[in-house]
Amino acid sequence: MIEKVRGFRDSFPEDMVPRQRMFDIMRQTANKFCFSPIDIPSLEYLELYKIKSGDELLTQTFSFKDKGGRELTLIPEATPSVVRMLTARKDIRKPVRWFCLPKLWRYEEPQSGRSREHTQFNADIFGDESLYADAEIISLACATLDKLGLCGTYKVRVNNRFLMEKILERAGIKQISKGYSLIDHFKKISKEEFEKELMDLSDDKEMLLALTELLGTEIKLSELDKKFPETFKSGNEEIIFRLMNTAKLVSKQTDAELVYDASVVRGLGYYTGIVFEGFDIKGEFRSIFGGGRYDNLCQLLSGTSMEAVGFGMGDAVLELLLRRNNNWDAEVKNNSVVFCALSKEAIDMCFSLVKTVREYGYSTTVDTSMASISNQLKKAGANGMGFAAILGPKELEDKKITIRNMKTGKQAVGSFQDLIQMMLELSEN
RNA sequence: GCCGGGUUGGGGUAGGGGUUAUCCUUGGGGACUGUGGAUCCCCGGACCCGGGUUCAAUUCCCGGACCCGGCCCCA
């Protein structure tokens, strides 16, 4: 027996059914927001990731040399490929709204909500620098979660990289990237530890105190202009208003709570405006989705300048969340029928009926086991079938068929032609 | 890459230096001779791998693999 590869997961029907339902909702929601589907390759040149990322990322890729000595890698993220595809075409009208559901791979230690292979719902808007694009991206992420039945269980924490830069400068912090790195750890390390490390970055104790205070506070975006500390406000009014207006637009699409949270900086260096993360309100899991504006990345990767804003939503954390909300079941399909054949002749007859039944939108199969009727019905019930169509010597003689609603137990007998009609009638009650 | 805890049939478990390895469940078959998850009967199925200690290891020791969780990182 050969074991499966570390960090990879087998997915059996009981998981794939709810997972497909989740992916279907992602696709449907993206379609409703007029995002077009694309697909990206699973392999790219490692080079594609060297440009924007440090060595850290490269050690966490599944990469190898192909037979021609080229360095390839299973893709660790979607954005570079999407950008490569977009900039390869000069004829695409802006703005561009694209989404995809690629599998991504990361060579790191598996832990809760994170395996070495996962699927990510990825959506971007290119060529639109406006706050409307920011709002649409966040709205799509929220609308998807709402549609999954998660409304009220999550909130979105928002920040803006420009605003943070100004704040760090005002706090006297010169090493901006070190500042971000420390802020990223704000929620993970103790307050004492944090303050100690913060003091190393600047001498302005008063400002650092104000910064620590701000980092520990969540402000509703609708009240940002009133509640934002005066110390950091002047000169940043424009960014604050943009954040507020973005939130106002998002609130037309979702009831999800949007809060300003200075500790959200995202690990990435390449974000250039708004950054955001979706969080489970109970705080049990890692972030549900994350994203932001990255207006400079296209230029870096391809030499073509292009504004962009997008998000990624992994399936692993989402699955944990849906499981916790008891929304991860393989539900009974009312439009499924099993033909219970009780004789050889009946089996033949069943097979000449299934095509029509399928054309009417039902999922159907024939039970050819020739087991007793009670065993066949037992099996049908266990398999969650909506109907059982029973065909035995009795029915064959009369050229009729018995149809049973497996949920209600109600039955009807009629001609083969009436089968669909009988199922419709049995569905109604 | 690092740290902690695990690993007994498909799932959940009991046990334990020498036994036919326990029980539940799932799966397969059958009875109830054409109407459902009941009951009864039968069957299949496991000690993660390698090395060491020992007369003897599934059990003890060491290493590895994998699983769970955490660090790093989060694209």
Side-chain angles (χ1 to χ4, degrees), chain A residues 1-10 12 14 44 46 48-61 73-83 102 104-116 118 120 122 180-181 184-185 188-189 264-271 275 277 284-287 289-292 294 297 301 310-314 316-317 320 332 338 340-343 346 367 369-385 387-397 401-413:
Chain A
M1 181 76 182
I2 295 172
E3 290 180 328
K4 68 177 184 295
V5 177
R6 178 168 167 79
F8 285 67
R9 311 208 62 131
D10 294 333
F12 293 93
E14 57 267 34
E44 292 276 9
L46 193 59
L48 186 62
Y49 307 93
K50 282 183 179 163
I51 295 163
K52 86 167 174 49
S53 321
D55 293 339
E56 180 71 41
L57 181 142
L58 298 181
T59 63
Q60 296 187 355
T61 56
T73 185
L74 283 167
I75 59 170
E77 54 171 324
T79 307
S81 304
V82 176
V83 168
L104 304 178
W105 295 268
R106 37 176 64 151
Y107 203 131
E108 60 186 355
E109 291 311 302
Q111 48 192 293
S112 178
R114 176 179 282 188
S115 58
R116 288 183 167 184
H118 73 127
Q120 192 185 68
N122 192 271
Y180 281 149
S181 171
D184 205 31
H185 287 82
K188 288 188 176 174
I189 61 181
V264 173
V265 291
R266 307 283 297 152
L268 280 182
Y270 66 70
Y271 285 114
V275 288
E277 288 190 345
E284 282 179 50
F285 308 118
R286 296 164 190 286
S287 69
F289 64 85
Y294 51 100
L297 188 63
L301 284 177
F311 74 82
M313 184 185 288
V317 173
L320 293 176
V332 175
V338 62
C340 300
L342 302 179
S343 70
D367 187 332
S369 67
M370 299 270 278
S372 71
I373 187 164
S374 27
N375 280 336
Q376 290 199 36
L377 285 173
K378 202 188 281 186
K379 221 187 296 176
N383 288 335
M385 302 304 280
F387 292 95
I390 301 161
L391 197 61
K394 241 191 237 174
E395 284 85 359
L396 276 180
E397 201 172 308
I401 189 156
T402 302
I403 183 83
R404 178 184 180 87
N405 182 321
M406 295 300 287
K407 247 188 202 158
T408 64
K410 284 192 180 154
Q411 296 194 170
V413 184

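Every heavy atom of this structure was used, including side-chain atoms; hydrogens, water molecules and symmetry mates were not. For clarity, every value in this text was computed on a predicted model and none was experimentally measured. Lettering follows sequence order; numbering is per chain, from 1.
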Problem set entry | Pairing residues for A/Arg286 by the salt bridge (Lys or Arg N to Asp or Glu O under 4.0 Å) criterion, not counting sequence neighbours | none

For this session: Answer yes or no: is there a side-chain heavy-atom contact under 4.5 Å between A/Arg116 and A/Trp105?
Result: no

Counter-base of [N], judged by Watson-Crick or G-U geometry with both distances under 3.5 Å:
N	result
B/G27	B/C43
B/U20	none
B/G37	none

Considering only the [atom1] atoms, how many Å lie between [N] and [M], rounded to the nearest integer?
N	M	atom1	result
B/G27	B/A38	P	10 Å
B/G52	B/U59	C1'	15 Å
B/U22	B/A46	P	12 Å
B/A14	B/C48	P	14 Å
B/C61	B/G5	P	13 Å
B/C40	B/G4	P	49 Å
B/G44	B/G10	P	15 Å
B/G64	B/C24	C1'	33 Å

For this session: Please report the C-alpha distance between A/Arg6 and A/Glu109 in whole Å, then the side-chain angles of each, then the deciding distance to 0.1 Å, and finally whether the side chain to side chain contact (heavy atoms under 4.5 Å, CB included) criterion is met.
Result: CA-CA 9 Å; A/Arg6 178 168 167 79; A/Glu109 291 311 302; 2.5 Å; yes

Rounding to a whole Å, what distance do you find between [X]:[atom1] and [N]:[atom2]?
X	N	atom1	atom2	value
A/Glu14	B/G27	CD	P	12 Å
A/Met370	B/G29	CE	P	14 Å
A/Arg9	B/C67	CZ	P	8 Å
A/Glu108	B/C3	CD	P	18 Å
A/Glu109	B/C71	CD	C1'	10 Å
A/Gln111	B/G4	CD	C1'	13 Å
A/Arg116	B/C72	CZ	P	18 Å
A/Glu277	B/C73	CD	P	14 Å

Exercise. Can any side-chain N or O of A/Arg404 pair as donor or acceptor with the backbone N or O of A/Ala389 at less than 3.5 Å?
Worked result: no

Problem set entry | Under 3.5 Å: donor-acceptor pair, side chain of A/Glu395, backbone of A/Gly392 | yes

Exercise. In terms of the nearest nucleotide of RNA chain B, which residue is placed more toward the 5' end: A/Ala371 or A/Val5?
Worked result: A/Ala371

Exercise. Hey, which of these two, A/Phe8 or A/Lys188, hits RNA chain B nearer its 5' end, going by closest nucleotide?
Worked result: A/Phe8

Exercise. Run the side chain to side chain contact (heavy atoms under 4.5 Å, CB included) check on A/Arg106 and A/His118 step by step: do they pass?
Worked result: CA-CA 9 Å; A/Arg106 37 176 64 151; A/His118 73 127; 4.1 Å; yes

For this session: May I have the step-by-step check of side chain to side chain contact (heavy atoms under 4.5 Å, CB included) for A/Thr73 and A/Tyr49, ending in yes or no?
Result: CA-CA 9 Å; A/Thr73 185; A/Tyr49 307 93; 3.6 Å; yes

For this session: Only counting residues at least two apart or in another chain, list the ones meeting side-chain contact (heavy atoms from CB on, under 4.5 Å) with A/Ile373.
Result: A/Leu342, A/Leu377, A/Ile390

Problem set entry | Flag if over 12 foreign heavy atoms under 6.0 Å of CZ, A/Phe285 | yes

For this session: Could you tell me whether A/Gly310 contacts a base, only the sugar-phosphate backbone, or nothing, with contacts defined as non-hydrogen atoms closer than 4.0 Å?
Result: nothing

Exercise. Just checking A/His118: base, sugar-phosphate only, or nothing, at a heavy-atom cut-off of under 4.0 Å?
Worked result: nothing

For this session: Examine B/C72: is either OP1 or OP2 under 4.0 Å from a nitrogen or oxygen in the side chain of A/His185? Give yes or no.
Result: yes

Problem set entry | Protein proximity profile, nucleotides 32-41 of chain B - base contact B, sugar-phosphate-only contact S, no contact -, cut-off 4.0 Å on heavy atoms | --BBBB----

